Amino acid sequence: MSAKLEHLCEKLKEILGGAIGDPLSRLGEVTVEVPAAAYHEVAKTLRDHAELKFEELIDLSGIDYLSYSDRASGLRFAAVSHLLSMTHNWRLRLRVFASDNDAPSLPTVTDLWPGANWYEREAFDLFGIVFEGHPDLRRILTDYGFVGHPFRKDFPVSGYVEMRYDPEQRRVVYQPVTIEPREVTPRIVREESYGKAGGRG
Amino acid sequence: MAEIKNYHLNFGPQHPAAHGVLRLILELDGEVVVGADPHIGLLHRGTEKLAETRTWLQTVPYLDRLDYVSMMCNEHAYCLAVERLLGIEVPIRAQYIRVLMDEVTRIRNHLLNIGTHALDIGAMGMVLYTFREREDLMDVYEAVSGARLHAAYYRPGGVYRDLPEQMPKYRANKFKDEATVKRLNAAREGSLLDFIDDFADRFPRYLDEYHTLLTENRIWKQRTVGVAVVSPEQALQLSFTGPMLRGSGVAWDLRKKQPYEVYDRMDFDIPVGTNGDCYDRYLVRMEEMRQSNRIVKQCVEWLRNNPGPVISDNHKVAPPPREAMKSNMEELIHHFKLFSEGMHVPAGEVYASIEHPKGEFGIWAVSDGANKPYRIKLRSPGFPHLAALAEMCKGHMLADATAIIGTIDLVLGDTDR
């Protein structure tokens, strides 16, 4: 870990203290997890504090941890933002889990970084995370009248409906999908010793 | 007096100035835009979801289809992310090739942008000149990867193959006689590097031509100066990156500030604007092409003198050479495993970003140790820029909306993913 990241981790601990978990530094990046209740306050401090100064929100995205093996908490949905400080030239990943799996909801950060507007709309559209206080939370990427949240892990890749032109009704109609989902290469997680000398297989 | 209502104008999705399938609902007060609501997603293909069902290697060609005018830069960010998760080293020659091709891509991208932007707001001739040079760079793409557009040339661990020793040549046919073919082939007699070098020698002169055509052009200036002014503070708030940010006077370029590959060995400058209007962003892009040309020159020089491997020799990640595969059992197994099951990437997450011609292109990759990504998030530069369209259009005339769409350097494949 470079001295710069160590410095950032120390500063985070010093300034945010109890509001966040331990900053995790891996692969040259620092990740901070924050409970939903403290999210907005922490984000504000990150942006405004002179020694942190994350003035730009680079990215905000949703994620569904439904089938992720390492997640003990059982919480599915998280919003992950990547922050950038041009003053100090460092980055930070901020992760916040929504406490309810059935109706995930998080506070918005559009008032802090106006650039979050479309990112939150996207996370709402694709994962169904509701951002409370968002000025204009509409779907953004999916079709008009789309049902469901396609990037959730329990949403099939082929979807539920398909669209075709119906010559009799002379318009485009929706119908249930007719294609079978298929998997060419199965998803495999190998054990640690796989392929190493001495190990089997 | 009669009551006058604002009215709504539906712009696109099939409109030549929409640069693809952008649907824009404009609220107009007479001819003044008071609100703009872009409807995107008409080109949404769910690349991120598709990536979850493909092996790490199979995702590479999907990235070409994001920003389909700067293909290799998209691949670059993805390869960086996978390499960082795997913790593998890329051979130095591959790093130089990547930097060279990135800069070729940047010139290509800006040529298209400036040509079509000028076309949108009335300078019909410009696009003919920029596309003439862009064609040469298309040929560079074709020579290295076999494809003019969707290259799939960068691979985790390096690049697919070394630069070719020969350039493809024109042949005489009933449309092109011998004399024409001879003229067209003049620069193509040597290797690819000779061709690029020749292009880099010619290119500054072309740039001067573009400056003659546009920079002091009265109509061009009337259409761009003072249009869509973005202050540096606003640009930061709206998550701007790349030329959009530098046009507002913020000197931020990942190639300088957080160098990746061999950018720290390159000698180049970062142009910045002062007013943050369309004209400044145009000037920034023009100067960036000149700087990219300098980087291209330096890369060609180095690549000529330093042969070496171009892809990692870790055969769990990169395929073994074909000759070895034919005679060696182990190499054959590696090849089979790599292209059927694919590589296994250690669990973890990483955010890799590069200075894409349009801004910061980032990939947030989450792996759970499988042969497929758990989640890929593509941070495309066009997305926040388009989100700011409403802000930038407000108070301008309807005709300026076209100029603003042009200055964003919009590619819907990139925004919609």
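So that the names make sense, note that chain A is the first sequence line, chain B the second, and so on, each numbered from 1. For the numbers below, each heavy atom of this structure counts, side chains included, while hydrogens, waters and symmetry mates do not. All values derive from a computational prediction rather than experimental measurement.
If you tally non-hydrogen atom pairs under 4.5 Å between each of B:Val350, B:Thr53, B:Leu238 and chain A, the highest count goes to B:Val350. Counting heavy-atom pairs under 4.5 Å between each of A:Ile140, A:Val157, A:Thr31, A:Asp64 and chain B puts A:Ile140 at the top. Ranked by non-hydrogen atom pairs under 4.5 Å with chain B, the options A:Arg26, A:Glu55, A:Glu29 are led by A:Glu29. Ranked by heavy-atom pairs shorter than 4.5 Å toward chain B, the options A:Leu84, A:Leu112, A:Leu126 are led by A:Leu84. Heavy-atom pairs under 4.5 Å with chain B were tallied for A:Arg138, A:Arg91, A:Arg121, A:Arg139; the largest tally goes to A:Arg91.
The side-chain hydrogen bond (donor to acceptor under 3.5 Å, both in side chains) test with A:Asp111 is passed by exactly one of A:Lys44, A:His134, A:His40: A:His40.
Proximity to chain A at a heavy-atom threshold of 4.5 Å picks out B:Ser353, B:Glu360 from residues 352-363 of chain B, in numerical order.
In this structure, chain A has no heavy atom under 4.5 Å from any part of B:Arg54. Looking at A:Val184, neither its backbone nor its side chain comes within 4.5 Å of chain B, counting heavy atoms on both sides. Interface remark: B:Pro381 contributes no atoms to any contact with chain A (heavy atom separation under 4.5 Å). Residue contact with chain A, scored on non-hydrogen atoms closer than 4.5 Å, is absent for B:Pro346. Both the backbone and the side chain of A:Asn89 come within contact range of chain B, each with at least one heavy atom under 4.5 Å from a heavy atom of that chain. Residue A:Arg182 does not touch chain B at all, counting heavy-atom pairs closer than 4.5 Å. Within the 4.5 angstrom heavy-atom criterion, only side-chain atoms of A:Arg93, from C-beta onward, approach chain B. If you measure heavy-atom distances from B:Leu386 to chain A, the contacts under 4.5 Å come from both the backbone and the side chain. Both the backbone and the side chain of B:Lys257 come within contact range of chain A, each with at least one heavy atom under 4.5 Å from a heavy atom of that chain. At a 4.5 Å heavy-atom cutoff, B:Gln234 makes no contact with chain A through either its backbone or its side chain. In this structure, no portion of B:Ile333 lies under 4.5 Å from any heavy atom of chain A. B:Ile376 does not touch chain A: none of its heavy atoms, backbone or side chain, sits under 4.5 Å away.
Using a cutoff of 4.0 Å between basic side-chain nitrogens and carboxylate oxygens, B:Arg255 and B:Asp253 are scored as salt-bridged.
B:His335 and B:Phe339 have tilted rings, their planes meeting at an angle from 30° to 60° on a 0 to 90° scale.
The two residues A:Arg187 and B:Asn371 come nearest to each other via the heavy atoms CA-OD1, 3.6 Å.
Expressed to the nearest 0.5 Å, how far CG of B:Leu57 lies from SG of B:Cys79 amounts to 8.5 Å. Atom-to-atom distance recorded for B:Glu48:CD and B:Tyr62:OH is 13.5 Å, nearest 0.5 angstrom. To the nearest 0.5 Å, atoms CG (B:Leu63) and OG1 (B:Thr47) are separated by 7.5 Å.
Aromatic ring centres of B:Tyr351 and A:His82: separated by under 6.0 Å. Checked against a 6.0 Å centroid threshold, the rings of B:His39 and A:Tyr144 count as neighbours. In summary, the aromatic rings of A:Tyr160 and A:Phe155 are positioned with their centroids under 6.0 Å apart.
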| task | Show the numbers, then the answer: is there a salt bridge (Lys or Arg N to Asp or Glu O under 4.0 Å) between A:Glu6 and A:Lys11? | result | CA-CA 9 Å; A:Glu6 235 164 279; A:Lys11 281 276 164 260; over 6 Å; no
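A heavy-atom distance below 4.5 Å is found between the side chains of B:Glu349 and A:Arg95.
Geometric assessment of A:Lys153 against the ring of B:Tyr374 yields a positive cation-pi assignment under the 6.0 Å and 45° thresholds. A cation-pi geometry, defined here as NZ or CZ lying under 6.0 Å from the six-membered ring centre and within 45° of its normal, does not hold between A:Arg76 and A:Phe97.
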